[in-house]
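All remarks here apply to the structure that follows.
Because only heavy atoms are used, hydrogens play no part in the values below, and waters and symmetry mates are left out as well, while side chains stay in. Numbering of residues begins at 1 and proceeds along the displayed sequence.
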Amino acid sequence: MSGLRILLSEAEIAARVETLAGEIAATLPADFIMVGLLKGAFVFAADLARALDRAGARPEIEFMRLSSYGLAKVSRGEVRLLGDAPSDVEGRNILLIDDIVDTGRSISFAADLLRRRKIGGLWSCALLDKPQRREVEAPIDFVGFRIEDVFVAGYGIDHAEKHRHLPYIAVVD
Ligand code: IMP
Ligand code: MG
């Protein structure tokens, strides 16, 4: 059995999401599309969308699904698109939303894919960043929390499909 140790409480996450939304609303042009990476970013994207509303932004919301770790705790180093990516994005400003940037492969794969569709500006936002684990360059414009090289779950993030429902983020031992 794996144990869970709370790393970020519900209240800590909520406060940080509110601040991030303020920074995003102050930085991005008025017209933009949030593109959340499924499944992990679904809770963060939902909370961020409502915080953006309170900050005065009116984003459109899209998702795309990339391949995942499956049952493993480490990346296989290969990213694939599962299903469709948002289509009518030519000339549009995009804010990519992910749960965690680890090796950097997922978010840079998503960014490259969208850039090929001739989008306007591109920004990226990750709730969690593990800078020690980076293998490919992936500039993140808005980071919720920088964390150590630990494996976490909760708040949309899974370990082998478990724990996504938790309202907080825990370290999985
Ligand atoms: P990257 O492509 O290596 O940057 O990995 C990013 C993705 O891997 C995240 O969006 C998560 O879905 C997953 N991931 C990375 N670290 C963790 C973790 O600690 N727990 C659960 N999933 C993780
Ligand atoms: Mg993910």
Side-chain angles (χ1 to χ4, degrees), residues 4-66 68 84-89 91-102 104 106-111 113-115 119-131 133-134 138-148 150-159 161-172:
L4 297 176
R5 176 169 51 85
I6 295 185
L7 180 67
L8 296 164
S9 71
E10 242 183 297
E12 283 175 285
I13 298 169
R16 189 69 188 118
V17 168
E18 217 61 32
T19 306
L20 275 179
E23 290 171 9
I24 292 166
T27 307
L28 266 67
D31 173 58
F32 70 95
I33 310 176
M34 296 174 51
V35 178
L37 301 185
L38 293 173
K39 300 179 200 171
F42 85 101
V43 176
F44 177 43
D47 282 350
L48 187 65
R50 288 171 288 183
L52 282 167
D53 179 80
R54 290 187 285 275
R58 302 285 177 268
E60 289 173 36
I61 303 177
E62 295 279 353
F63 289 95
M64 58 196 265
R65 183 152 179 209
L66 305 182
S68 77
D84 292 332
S87 49
D88 291 334
V89 290
R92 303 293 304 277
N93 298 307
I94 305 280
L95 176 66
L96 263 177
I97 310 286
D98 205 0
D99 53 356
I100 310 179
V101 178
D102 187 52
S106 305
I107 199 134
S108 61
F109 175 92
L113 187 148
L114 290 167
R115 276 198 206 95
I119 56 172
L122 179 66
W123 290 262
S124 58
C125 173
L127 180 63
L128 305 178
D129 182 15
K130 295 187 199 172
R133 301 255 315 153
R134 202 70 92 250
I140 313 300
D141 301 291
F142 306 96
V143 172
F145 302 92
R146 292 210 162 76
I147 64 169
E148 302 292 304
V150 288
F151 195 87
V152 296
Y155 197 72
I157 302 161
D158 74 311
H159 174 220
E161 293 308 326
K162 300 258 185 287
H163 311 313
R164 292 194 198 274
H165 57 90
L166 296 174
Y168 51 83
I169 292 173
V171 175
V172 183

Would Phe42 and Ile157 count as a side-chain contact (heavy atoms from CB on, under 4.5 Å) here? Give the steps. CA-CA 9 Å; Phe42 85 101; Ile157 302 161; over 6 Å; no
message = Pair Val35, Val89 - check side-chain contact (heavy atoms from CB on, under 4.5 Å), show working.
response = CA-CA 10 Å; Val35 178; Val89 290; 5.7 Å; no
> Could you go step by step and tell me if Arg115 and Leu122 meet the side-chain contact (heavy atoms from CB on, under 4.5 Å) rule?
Replying inline: CA-CA 8 Å; Arg115 276 198 206 95; Leu122 179 66; 3.7 Å; yes
What verdict does the salt bridge (charged side-chain N to carboxylate O under 4.0 Å, His left out) test give for Arg92 and Asp31, after you've listed the backbone C-alpha separation in whole Å, the side-chain angles of each residue and the deciding distance to 0.1 Å? CA-CA 8 Å; Arg92 303 293 304 277; Asp31 173 58; 3.1 Å; yes
Q: Using the side-chain contact (heavy atoms from CB on, under 4.5 Å) rule, take Leu95 and Phe142 through it: C-alpha gap first, then chi angles, then the decisive distance, then the call.
A: CA-CA 10 Å; Leu95 176 66; Phe142 306 96; 4.2 Å; yes
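Closest non-hydrogen pair, Val101 versus Ala126, comes out as CG2-CB, 3.6 Å. Taking both residues in full, the closest heavy atoms of Ala57 and Ala25 are given as CB-CB, 4.3 Å, listed atom of the first, atom of the second, then distance. Nearest heavy atom pair, residue Val143 against residue Leu20, reads O-CD2, 3.7 Å. Residues Val152 and Ile147 approach most closely at CG1-CD1, 4.0 Å, considering heavy atoms. Shortest non-hydrogen contact noted between Ser106 and Leu66 is O-CD1, 3.6 Å. Nearest heavy-atom pair, Ile13 versus Tyr168, reported as atom, atom and distance to 0.1 Å: CD1-CA, 4.1 Å.
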Would you be so kind as to tabulate the donor-acceptor pairs closer than 3.5 Å made by side chains of residues 44-52, with sequence neighbours excluded?
residue: Asp47; atom: OD1; partner: Arg50; partner atom: NH2; Å: 2.9
residue: Asp47; atom: OD2; partner: Tyr155; partner atom: OH; Å: 2.6
residue: Arg50; atom: NE; partner: Ala46; partner atom: O; Å: 3.0

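The structure places CD1 of Ile100 at 10.0 Å from CZ of Arg133, a figure rounded to the nearest 0.5 Å. Separating the CH2 atom in Trp123 from the CD1 atom in Ile94 is a distance of 10.0 Å, to the nearest 0.5 Å. Taken from CZ in Phe63 to CG in Asp84, the straight-line distance is 15.0 Å, to the nearest 0.5 Å. The distance from the CG atom of Leu96 to the CD atom of Glu62 is 12.0 Å, given to the nearest 0.5 Å. A distance of 3.5 Å separates CG in Asp158 from CZ in Arg164, rounded to the nearest 0.5 Å. Here the straight-line distance linking atom CD1 of Ile107 with atom CG of Leu37 works out to 6.0 Å at 0.5 Å rounding.
Here the side chains of Val171 and Phe151 are not in contact, with every heavy-atom distance at 4.5 Å or above.
No side-chain donor-acceptor contact under 3.5 Å links Lys39 to the backbone of Gly156. Without hydrogens or angle criteria, Asn93 side chain to Gly121 main chain gives a donor-acceptor distance under 3.5 Å.
Sequence neighbours left out, the pairs with a member in residues 10-27 that pass salt bridge (Lys or Arg N to Asp or Glu O under 4.0 Å) are Glu18-Arg54.
Between His165 and His163, the angle of the ring planes lies from 30° to 60°, which puts this pair in the tilted group.
For the side-chain contact (heavy atoms from CB on, under 4.5 Å) with Ser124, the qualifying choice from Asp98, Ile97, Asp141 is Asp141, the only one to do so.
In this structure Arg134 satisfies the side chain to side chain donor-acceptor pair (under 3.5 Å) test together with Asp129, sequence neighbours excluded.
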